[in-house]
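One structure is given below, encoded as structure tokens.
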Amino acid sequence: MNDLVGNRPLRVTLISPKGPLYRHSGGIFKKSLRYQPLTLTTLTALAPAELNIDFTLIDEGIEDLPDHIDADLVGMTVITGTAPRAYALAAKLRTRGIPVVLGGPHVTLMPDEAAANADAIVVGYAETSWPRLLRDFAAGAMRARYDQGADFSLDTPVTPDRNRLNKKHYITQAVFEATRACAHACEFCVVPSAWGRKQYQKPVAHVVQDIQTWGAKRNIFLDLNLISDRKYARKLFTALIPLNIRWFGLVTSLIGRDPELMQLMARSGCSGVLIGFESISQTALGGMKKGFNDPDLYANLIDDLHRLNILIYGCFVFGQDEDTPDVFDRTADFAVQTGIDLPRFAIQTPFPGTPLYTRLADEGRILTRDWELYDGQHVVFQPKAMSVAELQEGHVRAWQKVYSAPNIARRLAHSRTQLPISLLANFGYRYYANHLHSHYTCDWPVGYAGRAA
Ligand code: SF4
């Protein structure tokens, strides 16, 4: 093995490049909002043991890249917002003779574009394609493209190499994954477009073992929708009860229609859930193919979760065709009145490869294909019922409204759920809300560059 480098180990550097809002230096997020990502540490764990690879992992969200990267191979995981940076880094490295592999959601959705910027690409998940690529590379025969077929499973235990990233930069390293994919097909979502709707699930016993081995009391599940398969969710939640841990994760609003599963989720140690409410208009939800969300049930769902001492990260997206300029205040007021512990707002983003992108492109409404602006915080398409500037500025106003000191107090007085944690996170997001303006480092679309918060 390792024909390319004689007897010494292969040196592989894995990078998670970041967009302007999330960079370590000058980035907007404080440590209180960051948890350790799983991609790089999982890729490390997937490497064939016989290759004896010496990995270096760099999360550009927490640290600057070294001046000089010395590696036999560099791999990068790419989302749309970081694609320009990944391509620029790849060009520099390739000029120096270092081969570059690109993978991740953007590469999966835009393989031809990515292939033009890399020596090899990994399309889809990486469970068997990444080890294959590494073996081929070690043998001096890396191909240009590796596609992950759907015929893989998560049955073999793979324990992410969490200690390879520097823990001091994260609120927690205790991040886990039980499932992949989601059964739904929301128009804007990258997940069904990139990976399909087939469910992949780790055996519950492996998830439990990983959590027990890591040994943290507070844990985060990064699964995109933990209750996508309710039968599996019931098994998982039941198995978590004896561990006596606390955990945070993502579910849909459908949890509100299954009181038994919600109770079980609470008994399993659930401390907080992220829910994509997206909109308080049923018409808008129908338009984005997320009609299973019912705004009339949101307030009850929020109350039910609070009664079970579960915090709510409630996400909303602005820029639907039905959204008029009053949507920002109405949505922010709703979040305050219902006591959502941590409201989050995004601007609708037509990620390339999604049905939303296709529709807006067909309607001639895509305004820019500068992928760096595809970060959920910039307007990159022509809204229907308001101007670009109204959407951009209304979004910032909604953030600032819900995170004003009086509205934090109102929300938390209503919620009264896990106040110490909630307060800390609220101050993190208050900082974010008040610095969002100053982190628009470009002139797109309405000359934000240099404007103070
Ligand atoms: S429910 Fe969430 S993860 Fe599933 S398709 Fe919709 S937005 Fe994506």
Side-chain angles (χ1 to χ4, degrees), residues 37-39 79-81 104-106 108-109 124-125 150 154 175-202 220-233 236 248-258 261-262 265 270 272-295 297-298 301-302 305 312-323 331 340 342-360 374-377 381:
L38 265 183
T39 306
I79 59 172
T80 300
H106 186 75
T108 299
L109 290 169
Y125 294 123
L154 299 178
V175 284
F176 299 87
E177 174 192 51
T179 64
R180 297 260 178 90
C182 171
H184 303 291
C186 305
E187 188 194 31
F188 59 86
C189 186
V190 164
V191 175
S193 299
W195 295 296
R197 292 162 72 182
K198 179 174 173 184
Q199 309 275 298
Y200 297 91
Q201 294 155 346
K202 292 186 179 177
I220 297 180
F221 281 104
L222 300 186
D223 303 56
L224 299 158
N225 177 9
L226 260 178
I227 60 163
S228 190
D229 175 346
R230 292 191 202 182
K231 198 167 151 207
Y232 180 87
L236 176 67
F248 292 78
L250 284 73
V251 297
T252 64
S253 69
L254 292 176
I255 191 71
R257 309 209 198 148
D258 191 337
L261 186 62
M262 197 196 288
M265 187 172 83
C270 178
V273 287
L274 185 147
I275 296 178
F277 292 115
E278 320 302 3
S279 175
I280 55 173
S281 154
Q282 190 70 65
T283 314
L285 287 161
M288 65 177 92
K289 309 286 182 286
K290 200 161 184 172
F292 62 82
N293 270 6
D294 182 348
L297 302 179
Y298 287 175
L301 166 61
I302 292 162
L305 289 167
I312 299 152
Y313 294 68
C315 300
F316 298 89
V317 61
F318 295 128
Q320 310 307 312
D321 286 355
E322 293 73 16
D323 286 351
T331 309
I340 292 178
L342 294 158
R344 290 171 34 165
F345 303 109
I347 293 171
Q348 172 170 258
T349 303
F351 292 104
T354 61
L356 175 63
Y357 183 91
T358 306
R359 177 167 69 81
L360 294 178
Y374 281 60
D375 61 358
Q377 307 297 325
F381 70 101

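Counting starts at 1 for both ligands and their atoms, following the listed order.
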What pairs of donor and acceptor atoms, side-chain ones from residues 184-197 against any protein atom, are under 3.5 angstrom apart with sequence neighbours left out?
unit_1	atom_1	unit_2	atom_2	d
Glu187	OE1	Arg359	NH2	3.3
Glu187	OE2	Arg359	NE	2.6
Arg197	NE	Ala183	O	2.8
Arg197	NH2	Ala183	O	2.8

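Looking at atom 2 (Fe) of ligand 1, its nearest protein heavy atom turns out to be Lys290 NZ, 4.0 Å.
Side-chain N or O atoms of Asp323 include none that pairs as donor or acceptor with a backbone N or O of Phe318 at under 3.5 Å.
Using a 30° and 60° split on the angle between ring planes, Phe277 and Phe316 fall in the parallel class, below 30°.
Side chains of Phe292 and Thr252 form a contact here, defined as non-hydrogen atoms less than 4.5 Å apart.
Protein N/O/S atoms found under 2.8 Å from atom 8 (Fe) of ligand 1: Cys189 SG.
Under the side chain to side chain contact (heavy atoms under 4.5 Å, CB included) criterion, Thr358 pairs with Asp362, not counting sequence neighbours. Contacts of Arg257 classified as side chain to side chain contact (heavy atoms under 4.5 Å, CB included), with partners at least two apart in sequence or in another chain: Leu254, Asp294, Leu297.
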